[in-house]
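To start, the structure itself, in C-alpha cells.
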Amino acid sequence: MAVFKLENVEDLYEIGEVLGSGHFGQVREVRERASGVRWAAKFLKIRRGAGSRLGMERKSVEREVELLQALQHHNVMALKDVFECRAEIVLIVELMRGGELFDFIAEKENLTESEAIEFLKQILQGVSYMHSKHICHFDLKPENIMLSSNTLPNTDIKIIDFGMAHRFIQGEEYRSMGGTPQYIAPEVINYEPLSTAGDMWSMGVITFILLSGLSPFQGNTDEETLRNIVGMLYEFDDCHFSQTSAMAKDFIQKLLVKAPNERMSAEECLNHPWIKPLTRTQVAKRNRSSINMRNFKRFNAKRKWKMSYNMVSACNRLCRLQLHCKTSALQDEELRQCESDQEESETKTSSLLRRRLSSSS
Ligand code: ATP
C-alpha cells in the first residue's frame, strides 16, 4: 500500500500560485524549501466519513498514487511525494512549465503534419509504456496532455491525471462508465468489458481534432455525442480536411474502429507509416500536409471557455453551499444533504452515461 507522509506539507514546501483545478481540489505550484526546486502540488479533498459524499474516496487516491508509482517514463508525469493532513491528501508531482499541448499549438501560426507527429509520437510512447504495464488511462483528452517546458525542442509530452486509470489483472473483466463524452469509446458507453484499446479510441479522437479542429462525434448535447459514438457517426469532411494527408486519415480510421480488438495498439501506431515513414515520398507527404490551424484555434478557444465556465460554476456551487451551511447552522445530518446536492451536479456525466446505457440496452 502507498505510504502517505503525515508531516505538514507547508513545513517542507512553500505554496505558490494556482495552476489549475479539478473536481476535488486545486493544483498549485510549490517550491521545496530545502532545495529550492519547483514542483506542482495536487490538493485532493477526502471524504470525511462513510456518510459524507463530498470529496474523493481515500481508496481512489490510493489507487491513483499506486499507479503513478508504478509508472516511470519521460512521457508520464512523475510523482515525488504524498502527504496526508486531516481531510486532504497532497500529491507532489513534476511541474509542467509548458502548460497544455493544445494551448501551445494554438499559439502557432501554422504546423505541418510532421511537426504534429513529433508530439503524437511522444503521447503514443507514453501510452505504449502504460499499456506494457497493463495500465489504461481511460481519460486521455487535451486537458491531460501537458508539456514539461515551453521551449522547443527541449520540451517533453507528459500525460497527467491518473484518476480514472486502471491496472488490468489477468483474467479480470473490468467495466466502467467514467470518462469525458467526446473522448470515450463505444464499449465504455455500452458498459462492455474494457481493455487498453479504450485509450486507443481516445487517441483517434485527439488526432482527428488536432488535424481538423473538429471533434468527430460532438453533438449539441452530451447524449447526442454519445449516440454519435455508438452509431460511429463521423466523417472526414473535405472542406475541413483539405490539407490532410491520406496517410493521416488512414491512421485515424484504424483507431476509430468499433471493435476494440481490431483497433491499432499504441505499438502498432508507432509503426504506422504516417508516424514512421518508410519512403521518401511518405516523408514528403507529411511535410506538405498541415493542420487546419484556423479551425484548431477556434476549437481550442471554445474548449478553454467551457473549462472556465465549468470552473466558475463549481466555485459558485461551493460558495452557495458554504453560505447555506453558515446561515442555517446546519446539523450534521443537514450538512450531509448539502454535500449530496453538490455531488449530484458533479456527476452529471456519469448519470448521462447511465441514461445512455439504459436507452441502448
Ligand atoms: P479532473 O477533475 O479533471 O479529474 P483532477 O482533480 O484529477 O482533474 P488534474 O487533471 O490532475 O486534476 O489537474 C487539474 C488541472 O491542473 C490540469 O488540467 C492542469 O491545468 C493543471 N495541472 C495538473 N497537473 C499539473 C502539473 N503537474 N503541472 C502544471 N499544471 C498541472
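Side-chain atoms are counted along with the backbone in the values below, which use heavy atoms only and exclude waters and symmetry mates. Order of appearance sets the numbers: ligands from 1, and atoms from 1 within every ligand.
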Check your understanding: Do Ser35 and Glu32 have side-chain atoms, one donor and one acceptor, less than 3.5 Å apart?
Key -> yes
Review point. Side chains of Trp274 and Glu113: donor-acceptor distance under 3.5 Å anywhere?
Key: yes
Point to revise | Qualifying residue for side chain to side chain contact (heavy atoms under 4.5 Å, CB included) with Lys42, from Gln26, Arg28, Glu64 | key: Glu64
Review point. If you measure from each non-hydrogen atom of Glu94 to ligand 1, which part falls under 4.0 Å: side chain, backbone, both or neither?
Key: backbone
Exercise for review: Below 4.0 angstrom from a heavy atom of Val93, which ligand 1 atoms are there? Numbered from 1 as shown, please.
Suggested key: 27 (N)
**Study point:** N/O separation below 3.5 Å, Lys141 to ligand 1
**Key:** no
Practice item. Look only at interatomic distance and state if Asp161 has a nitrogen or oxygen under 3.5 Å from any nitrogen or oxygen of ligand 1. Key: yes
Exercise for review: Tell me which part of Asn144 gets within contact of ligand 1: side chain, backbone, both or neither, using heavy atoms under 4.0 Å.
Suggested key: side chain
Review point. To the nearest 0.5 Å, how far apart are CZ in Phe104 and CG in Asn150?
Key: 7.0 Å
Review point. At a non-hydrogen distance cut-off of under 4.0 Å, which region of Glu29 contacts ligand 1 (side chain, backbone, both, or neither)?
Key: neither
Check your understanding: Of all the atoms in ligand 1, which lie at a distance below 4.0 Å from a heavy atom belonging to Met77?
Key -> 27 (N)
Exercise for review: Scan side-chain atoms only and decide if Thr180 and Lys141 contain a donor-acceptor pair under the 3.5 Å cut-off.
Suggested key: yes
Check your understanding: What is the closest protein heavy atom to atom 17 (C) of ligand 1, and at what distance does it sit?
Key -> Ile160 CD1, 4.0 Å
**Study point:** Residue Lys42 vicinity, atoms of ligand 1 by number, heavy atom under 4.0 Å
**Key:** 5 (P), 6 (O), 7 (O), 9 (P), 11 (O), 12 (O)
Review point. Which heavy atom of the protein is the closest neighbour of atom 20 (O) of ligand 1, given with residue, atom name and distance?
Key: Glu100 OE2, 3.8 Å
Point to revise | atom 22 (N) of ligand 1: nearest protein contact (heavy atom, Å) | key: Val27 CG1, 3.7 Å
Practice item. Could you verify whether a donor N or O on one side chain and an acceptor N or O on the other, from Ser290 and Gln243, lie under 3.5 Å apart? Key: yes
Check your understanding: Does one side chain, of Asn144 or His137, offer a donor that lies under 3.5 Å from an acceptor on the other?
Key -> no
Exercise for review: Determine the interplanar angle of the Phe236 and Phe208 rings, folded into 0 to 90°, and report it as parallel if under 30°, tilted if 30 to 60°, perpendicular if over 60°.
Suggested key: parallel
Check your understanding: Has ligand 1 got any nitrogen or oxygen that is less than 3.5 angstrom from a nitrogen or oxygen of Met96?
Key -> yes
Point to revise | For atom 21 (C) of ligand 1, the protein heavy atom that lies nearest, with its residue and separation | key: Gly20 CA, 4.0 Å
Practice item. Say whether Asp156 and Asn75, considering side chains only, have a donor N or O and an acceptor N or O under 3.5 Å apart. Key: no
Revision key, fill the gap. When distances are taken from atom 14 (C) of ligand 1, the protein heavy atom at minimum range is Ser21 O, 3.6 Å
Study note, to complete from the structure: If you compare Met146, Arg38, Lys158 by their heavy atoms, the one closest to atom 30 (N) of ligand 1 turns out to be Met146
Exercise for review: Report yes if the distance between the aromatic ring centroids of His73 and Tyr129 is under 6.0 Å, otherwise no.
Suggested key: yes
Practice item. Would you mind running through ligand 1 and noting each atom that sits below 4.0 Å from a heavy atom of Ala40? Key: 26 (C), 27 (N), 28 (N)
Practice item. With heavy atoms under 4.0 Å as the rule, classify the contact between Met164 and ligand 1 as side chain, backbone, both or neither. Key: neither
Exercise for review: Indicate whether any N or O donor in one side chain lies under 3.5 Å from an N or O acceptor in the other, for Asn287 and Ser114.
Suggested key: yes
Check your understanding: Closest non-hydrogen protein atom to atom 18 (O) of ligand 1, residue and atom name please, with distance?
Key -> Glu143 O, 3.8 Å
Practice item. Can you pull out the closest protein heavy atom to atom 8 (O) of ligand 1? Residue, atom name and distance to 0.1 Å, please. Key: Gly22 CA, 3.4 Å
Point to revise | Donor-acceptor side-chain pairing of Ser60 and Glu57 below 3.5 angstrom | key: no
